[in-house]
Protein chains: 2
Amino acid sequence: MPSLERAGFTGGVLPSGCPTRVLLDHVTSKWGVLLLIALSEESLRWGELRRVVEGISEKMLAQTLRVLEGDGFVLREAEPTIPPRVDYSLTDRGRELADHLRPLLEWIAGHADEIIFGAAQQG
Amino acid sequence: MPSLERAGFTGGVLPSGCPTRVLLDHVTSKWGVLLLIALSEESLRWGELRRVVEGISEKMLAQTLRVLEGDGFVLREAEPTIPPRVDYSLTDRGRELADHLRPLLEWIAGHADEIIFGAAQQG
DNA sequence: CGGTATCCCCCTCGATACTG
DNA sequence: CAGTATCGAGGGGGATACCG
């Protein structure tokens with residue numbers, strides 16, 4: 001059961017270039033969180049992902065999906081039909097990750113308006 | 001209690017440019033998560049932050065802190081002494097956010113090695 | 001100590017065009 | 001439908017120098 005302490009956090013934080021930082025960059029990349037969350041609800045096809053994750057370009061969709069697939073978060077299943085059909089879904093590992101992402105995103109979504117439009121409050 | 005659904009997630013995802021996406025970009029910026037986590041343990045001075053968050057440049061430290069301060073996550077307290085002393089800490093809001101970030105980072109730290117060095121596993 | 005100002009490179013990302 | 005290839009702009013971000 002590794003903790004942030006074991007990972008070298010206390011009194012030195014995660015070393016730059018360590019696996020945890022690399023992975024953090026993958027997950028928190030511009031489109032990573034959005035794709036993971038989108039797929040956490042249901043498996044989606046390429047075209048559906050493009051529409052659901054509004055604003056993503058084909059290039060970034062392909063690129064981000066490949067990274068997420070390489071990390072074992074996303075499963076790509078292609079039907080060799082014509083026209084082709086490709087489904088993207090989360091692996092067990094990806095679902096575990098998404099389970100941590102979802103509360104975060106829900107909190108952010110729930111406070112976004114007051115934070116962005118309201119004044120920064122002291123605390 | 002806003003949910004992702006209320007925020008426009010289902011069948012359309014968070015609209016590009018919406019407050020939630022803006023905030024998500026702030027939090028998941030290259031150094032955002034690391035700074036938030038670092039400050040979640042204890043309040044730190046400028047110089048300590050530089051050392052603790054290994055690899056961050058002064059420019060990005062200043063820039064990211066200002067964004068986080070603007071969102072009301074980070075509190076900056078300067079003592080008008082010579083030499084100056086400035087402490088950075090989390091606001092209540094920042095602590096709430098960090099409480100969601102920490103489990104995520106712990107999960108990532110706990111799986112980073114097997115994911116980065118091991119083979120991508122199916123699921 | 002705790003910053004700001006400036007320069008500039010590089011790399012991300014979007015737009016466009018093309019393919020099986 | 002599901003991508004890949006290529007190009008070019010923009011800005012993220014590092015290095016350096018300087019200031020109160």
Side-chain angles (χ1 to χ4, degrees), chain A residues 13-17 21-36 38-39 42-71 74-90, chain B residues 13-18 21-36 38-39 42-71 74-89:
Chain A
V13 103
L14 313 166
S16 58
R21 281 226 195 158
V22 173
L23 205 53
L24 186 64
D25 282 344
H26 291 181
V27 172
T28 65
S29 68
K30 182 165 185 178
W31 302 104
V33 174
L34 262 14
L35 285 176
L36 257 1
L39 290 174
E42 50 182 343
S43 106
L44 292 168
R45 302 176 60 178
W46 167 272
E48 293 172 330
L49 272 174
R50 275 219 68 183
R51 265 173 281 114
V52 167
V53 181
E54 189 184 316
I56 195 170
S57 66
E58 297 193 340
K59 177 180 175 178
M60 292 316 297
L61 179 54
Q63 196 171 110
T64 308
L65 280 175
R66 260 181 274 125
V67 170
L68 263 20
E69 200 189 345
D71 289 337
V74 165
L75 180 65
R76 178 185 187 276
E77 289 170 301
E79 309 277 343
T81 56
I82 295 190
R85 176 196 177 94
V86 181
D87 285 279
Y88 291 93
S89 58
L90 293 190
Chain B
V13 106
L14 312 165
S16 57
C18 73
R21 282 226 195 160
V22 172
L23 205 52
L24 187 64
D25 282 344
H26 291 182
V27 173
T28 64
S29 68
K30 181 165 186 179
W31 302 105
V33 175
L34 261 15
L35 285 177
L36 256 2
L39 290 174
E42 49 181 344
S43 106
L44 292 168
R45 301 175 61 179
W46 168 272
E48 293 173 329
L49 272 174
R50 275 220 69 185
R51 265 174 282 113
V52 167
V53 181
E54 189 183 316
I56 195 170
S57 67
E58 297 193 339
K59 176 180 173 177
M60 292 317 296
L61 178 54
Q63 195 173 110
T64 309
L65 280 175
R66 259 182 273 124
V67 170
L68 262 20
E69 201 189 343
D71 289 338
V74 165
L75 180 64
R76 178 186 187 275
E77 288 170 301
E79 309 278 342
T81 57
I82 294 188
R85 174 193 177 94
V86 181
D87 285 279
Y88 291 93
S89 58

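Below, chains carry the letters A, B, ... as their sequence lines are ordered, and counting in each starts from 1.
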Nearest-0.5 Å distance that lies between atom CZ in B/R50 and atom OG in B/S57: 7.0 Å
Contact check, side chains of B/L35 and B/V74, non-hydrogen atoms, under 4.5 Å: no
Chain B contact limits on DNA chain C, taken 5' to 3' with a cut-off of 4.0 angstrom to heavy atoms: C/dC1 to C/dC7
Residue pair B/V53 / B/L61, side-chain heavy-atom distance below 4.5 Å: no
A/R66 atom CZ is separated from D/dA2 atom P, nearest whole Å, by 16 Å
side-chain hydrogen bond (donor to acceptor under 3.5 Å, both in side chains): which pairs involve residues 77-87 of chain B, sequence neighbours left out? B/R85-B/D87
Close side-chain approach of A/E69 to A/L65, heavy-atom, < 4.5 Å: no
Value in whole Å for how far the P atom of D/dA2 lies from CG of A/L61: 10 Å
How many angstroms lie between atom OG of A/S16 and atom CG of B/L34, to the nearest 0.5 angstrom? 10.0 Å
Rounded to whole Å, CZ of A/R76 lies from P of D/dA2 at a distance of 10 Å
Hey, could you give me the CG/NZ distance between B/D25 and A/K30, rounded to the nearest 0.5 Å? 6.5 Å
On the nucleotide D/dG3, are OP1 or OP2 found under 4.0 Å from the side-chain N or O atoms that A/Y88 carries? yes
Spacing between A/E79 atom CD and D/dC1 atom C1', to the nearest angstrom: 13 Å
With sugar-phosphate meaning primed atoms plus P, OP1 and OP2, does A/R50 contact a base, only sugar-phosphate, or nothing at under 4.0 Å between heavy atoms? nothing
Rounded to the nearest 0.5 Å, what separates atom OG1 in B/T64 from atom CH2 in B/W31? 8.5 Å
How would you summarise protein contacts on nucleotides 13-20 of chain D per nucleotide, using B for base, S for sugar-phosphate only and - for none, with heavy-atom distances below 4.0 Å? BBB----B
